[in-house]
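The structure appears below as structure tokens.
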Amino acid sequence: MKDPVPSPTLRITILITSAFWISVGLSLWIWGGLTQLPQRPQATLVTDSLDQVLGGHVSIHGEWYFLSRERTLPRRLSACITTFEDRRFDVHFGVDIPALAAALWGRITGKGPQRGGSTLTMQLARMEMHGNQPRTLGRKILEMIKALAIEWRYSKEDILKFWSDHAPFGGNVAGVEAASWRYFEKAPADLSWAEAAMLAVLPNKPGLLHPGRNIGLLKKRRDFLLNQLFSRGLLTSSEFRLALEEPLPEAPRPLPALAPHLAAHPGKGLMHTTLSAALQEQVMRLAEMHGLRLKTAGVNHLGVLVAETSTGRVVAYVGNNPLAAGEAQGDVDVLKAPRSYGSLFKPFLYAASLQQGLFLPQTLIPDHPMAFSGYAPRNFDYTFQGAVPADRSVSRSLNVPSVWMLKNYGTARFLNLLREAGIHHLNKPADYYGLSLILGGGESTPWEVASLFVKAGQRLSGRDSVTEEIFLQKPGPGTQKLSPQFPGPAALWCMTEAMGRVNLPDVFAFRMADEQAGRIAWKTGTSYGHRDGWAAALTPGYTLVVWTGNADGTGRFGLTGLHTAAPLLWDVLACLPPQSPFPMPVKDMTETEICQESGYRQGPYCPHGRLQLIPKSGKKTPQCPFHKPILLDRATGQRVLGDCRDEKDVVTQILFDLPPLMAHYFFSAHPEYSAPPSWDPQCLPADEESQPIRLVTPMNPRGLIPEKDAMGMPLPIVFEAVQPQSGRRLWWFLNSRLLGFTEAPHKMNLRLDQGRHVLVLADENGHFLSQDIFVR
């Protein structure tokens with residue numbers, strides 16, 4: 001028996017039905033994604049570590065809108081929104097047929113409440129499709145089809161989250177995240193039942209209801225929703241009563257302005273920072289006070305950064321002088337701007353040199369005029385000590401000893417150390433910076449400088465892995481293992497000890513007790529041309545960096561780290577809990593006999609020694625080279641070489657003998673120093689260091705370019721020479737013509753024509769120096 005042939009009508013019906021379901025399926029597949037929800041630019045809201053609001057800025061469209069980072073809507077808000085907007089949300093499939101029927105019946109008969117019948121999913125479809133365009137029957141049908149597609153593609157949690165992220169909440173507030181922060185200054189998860197209920201009723205009539213407008217009607221609707229929640233068993237009776245008594249918020253108040261340079265730009269969204277609101281407010285107030293002081297001196301900008309040393313968390317952040325807001329470059333965040341760092345890295349060079357065993361903390365190192373391939377550094381006060389203990393060169397921030405350190409440590413080596421430690425703006429070859437690297441010849445930012453000091457503090461605490469950089473938002477950037485070149489705990493402890501011995505000016509004395517001030521390791525820095533004034537401090541608890549200057553690079557007389565940045569630094573330190581010094585890392589140190597006069601390891605001729613704990617790497621340092629036996633002629637008392645006299649004509653004496661140039665300036669600063677006897681003119685050593693007369697300045701006499709006066713005439717050039725025996729006369733001859741004589745200090749101003757000249761210096765013992773001079 002043959003199968004019956006379907007009638008034409010049945011075939012058409014099957015075809016139409018199949019086409020319908022295929023088209024529905026294709027529609028669900030093609031149209032199922034939410035691809036056109038309003039793309040709102042975000043506003044910015046900054047909160048501290050406890051979610052206290054510090055400031056904010058509307059989006060470029062003038063809205064308060066934040067894209068929530070939470071995966072789902074908090075339970076209270078979810079219950080309030082679905083109860084008020086779509087009670088059958090959990091069971092319908094995007095279109096609520098009973099609700100639509102009730103709405104249609106109400107419109108036809110005019111009886112009962114006038115309901116729209118739209119589900120949350122249909123409202124979401126409307127947001128994507130056409131926003132606030134006129135609602136027609138055709139658009140309603142399209143909304144229902146789109147709602148079916150959305151339900152088919154997404155979970156209920158996702159749909160509710162999409163809706164809450166884009167719904168209007170009155171005024172210029174969009175999305176529940178922005179509404180929660182703007183109206184209640186808290187996260188949606190922290191809302192009470194009354195607060196959640198108030199937010200839930202706003203999207204229904206956002207133009208009519210929001211805090212500050214129609215408070216009576218808003219409270220009536222909120223309480224109606226609370227009653228529904230109680231009826232559904234979502235609230236206990238006590239929760240219901242307390243929620244009804246909870247007052248409504250007032251109209252949104254202006255946001256605080258405690259972090260203006262973090263909140264100044266829209267589009268950052270919610271910034272949950274690590275800041276402390278209480279400390280931030282104190283530091284902002286101090287920045288205003290010092291900003292006023294600095295502006296009167298023509299210094300318009302400043303920045304302050306405070307971080308926890310142990311964690312790297314930033315707890316205070318002032319990006320610029322609050323008084324400069326709205327002025328030229330007043331909105332520049334100077335904490336992220338590269339500037340010349342001046343002397344800030346001198347302590348790290350000292351610590352790195354200790355780590356490599358180049359000297360010990362009290363080792364005498366040179367502090368006298370010197371030149372390196374034409375580069376002649378000078379100390380800030382234009383004086384020289386001849387020789388200074390290495391740690392004192394740090395506490396006094398002397399330039400010449402620091403350049404000498406860098407020359408011995410290696411510029412490329414130190415540059416690599418700084419880069420690996422996070423000073424990323426030093427991105428040029430070592431030859432580009434040269435020895436000026438240690439005196440501010442490069443650039444860095446206060447953020448990088450603070451990160452470097454934090455790493456030092458953490459390494460000093462014994463940590464092998466340190467914070468990669470300080471951070472302002474969690475999670476932090478992670479940790480890193482430092483290069484073997486980075487100083488160890490012992491060298492860093494010696495560094496902080498030297499920094500803690502900086503003389504605290506009397507003007508800072510009132511800021512904290514003397515014993516407290518002595519525990520602070522701090523350093524100032526001033527860039528060339530007085531363009532940047534820095535101050536930094538390192539304690540086990542906190543790391544601070546202060547920058548002062550003009551954002552456009554304009555220098556000002558008196559703009560130094562000590563006078564402009566340090567007062568603000570010490571005022572901020574006074575706001576912090578009392579700080580203890582770093583404990584001595586005894587396990588990384590060793591006890592060694594040290595020469596008391598020279599600071600080297602005690603040698604065989606050192607008369608006085610003392611036991612001292614030094615970094616273990618210090619065992620590699622040489623023994624004292626300055627205490628040594630010298631030969632004296634028995635008859636004249638002059639110094640001689642062994643091969644110039646018979647053994648019976650000489651006596652041996654142990655003396656503290658510095659090189660001539662070092663000895664000359666050392667005697668000027670230490671009158672108690674006794675220079676060794678002069679050399680016998682007939683028995684001089686051949687090495688240059690032992691020559692009794694040395695020309696100190698100019699450093700490059702073979703390439704002189706005299707400065708000119710206002711009339712264009714060459715100015716005299718200052719020549720200075722040294723001779724170990726202070727008080728002895730030096731006779732000056734220029735081109736065989738006697739100019740005269742000098743007694744210490746041996747200085748003479750010479751006006752020289754272009755070309756070659758010969759300068760001869762001679763003393764009373766027949767020692768002489770001949771120097772060729774070329775004037776361009």
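Position 1 is the first residue of the sequence; numbering continues from there.
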Checklist line | side-chain contact (heavy atoms from CB on, under 4.5 Å) assessment of T121 paired with Y154 | finding: CA-CA 10 Å; T121 315; Y154 298 102; over 6 Å; no
Check: Yes or no on side-chain contact (heavy atoms from CB on, under 4.5 Å) for Y183 and M198, after CA distance, side-chain angles and deciding distance?
Finding: CA-CA 10 Å; Y183 296 143; M198 193 211 80; 4.2 Å; yes
Notebook entry, point to check: Given Q42 and L270, is the side-chain contact (heavy atoms from CB on, under 4.5 Å) satisfied, shown in steps?
Noted result: CA-CA 9 Å; Q42 293 197 79; L270 283 168; over 6 Å; no
Margin query: Between N214 and K205, does the side-chain contact (heavy atoms from CB on, under 4.5 Å) criterion hold? Intermediate values first, please.
Written below: CA-CA 11 Å; N214 295 329; K205 293 185 179 296; over 6 Å; no
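Of the candidates N550, D552, N320, N300 forms a side-chain hydrogen bond (donor to acceptor under 3.5 Å, both in side chains) with just one, namely N550. Between R182 and the options L255, V53, L45, N172, a side chain to side chain contact (heavy atoms under 4.5 Å, CB included) holds for only L255.
Although no hydrogens or angles enter the test, the distance criterion places no donor-acceptor pair under 3.5 Å between the side chain of E195 and the main chain of F184. Within the 3.5 Å criterion, the main-chain N or O of S310 finds a donor-acceptor partner in the side chain of R463. Panel note: side chain S164, backbone V176; no donor-acceptor pair is recorded below 3.5 Å. For the pair R339 (side chain) and A551 (backbone), a donor-acceptor distance under 3.5 Å is present. Side chain of S59 to main chain of A43: no donor-acceptor pair is present (N/O by atom type, distance under 3.5 Å, no hydrogens or angles).
Counting heavy atoms from C-beta on, the side chains of L226 and F240 come closer than 4.5 Å. Contact annotation: the side chain of F224 never approaches that of V201 to less than 4.5 Å [non-hydrogen atoms, C-beta and beyond]. A heavy-atom distance below 4.5 Å is found between the side chains of Q480 and V466. Between L202 and L218 there is a side-chain heavy-atom pair separated by less than 4.5 Å. V546 is not listed as a side-chain neighbour of V572, based on a closest heavy-atom distance of 4.5 Å or more. Using a 4.5 Å heavy-atom cutoff, the side chains of L262 and L472 are in contact. Under the 4.5 Å side-chain criterion, counting only non-hydrogen atoms from C-beta, V95 is not in contact with E151. Taking 4.5 Å as the limit, every side-chain heavy atom of L73 sits out of range of all side-chain heavy atoms of P188.
Residues satisfying the side chain to side chain contact (heavy atoms under 4.5 Å, CB included) criterion with A194, sequence neighbours excluded, are S192, R222, A243, E246. Judged as a side-chain hydrogen bond (donor to acceptor under 3.5 Å, both in side chains), and not counting sequence neighbours, the contacts of R88 are D96.
From Y65, atom OH reaches atom CD of E177 across 10.0 Å, with rounding to the nearest 0.5 Å. Here OG1 of T273 is found 9.0 Å from CZ of R313. Values are rounded to the nearest 0.5 Å. Distance check: D190 CG to E185 CD gives 13.0 Å after rounding to the nearest 0.5 Å. Between the OG atom of S78 and the CG atom of D90 there is a distance of 7.0 Å, given to the nearest 0.5 Å. Atom CG of residue L148 and atom CE of residue M122 lie 9.0 Å apart, to the nearest 0.5 angstrom. Annotation: the span from L279 atom CG to L576 atom CG amounts to 6.0 Å, rounded to 0.5 Å.
The minimum heavy-atom distance between P322 and M284, with the atom names listed, is CG-CE, 3.8 Å. Minimum heavy-atom separation, V318 to Q280: CG2-NE2, 4.3 Å. Residues N321 and A287 share a closest heavy-atom pair of OD1-O, 4.0 Å. The two residues A196 and L77 make their nearest non-hydrogen contact at O-CD2, 3.9 Å. Listed here is the closest heavy atom pair of N427 and H424: CB-O, 3.7 Å. Nearest heavy atoms, A450 versus I470: CB-CD1, 3.8 Å.
Side-chain contact of R232 with T83: a donor-acceptor pair under 3.5 Å is present, judged by distance alone. Looking only at atom types and distance, the side chain of H425 has no donor-acceptor partner in the side chain of S444 under 3.5 Å away.
For residues 324-333, the set of pairs meeting the side chain to side chain donor-acceptor pair (under 3.5 Å) definition, not counting sequence neighbours, comprises K295-E327, Y317-D333.
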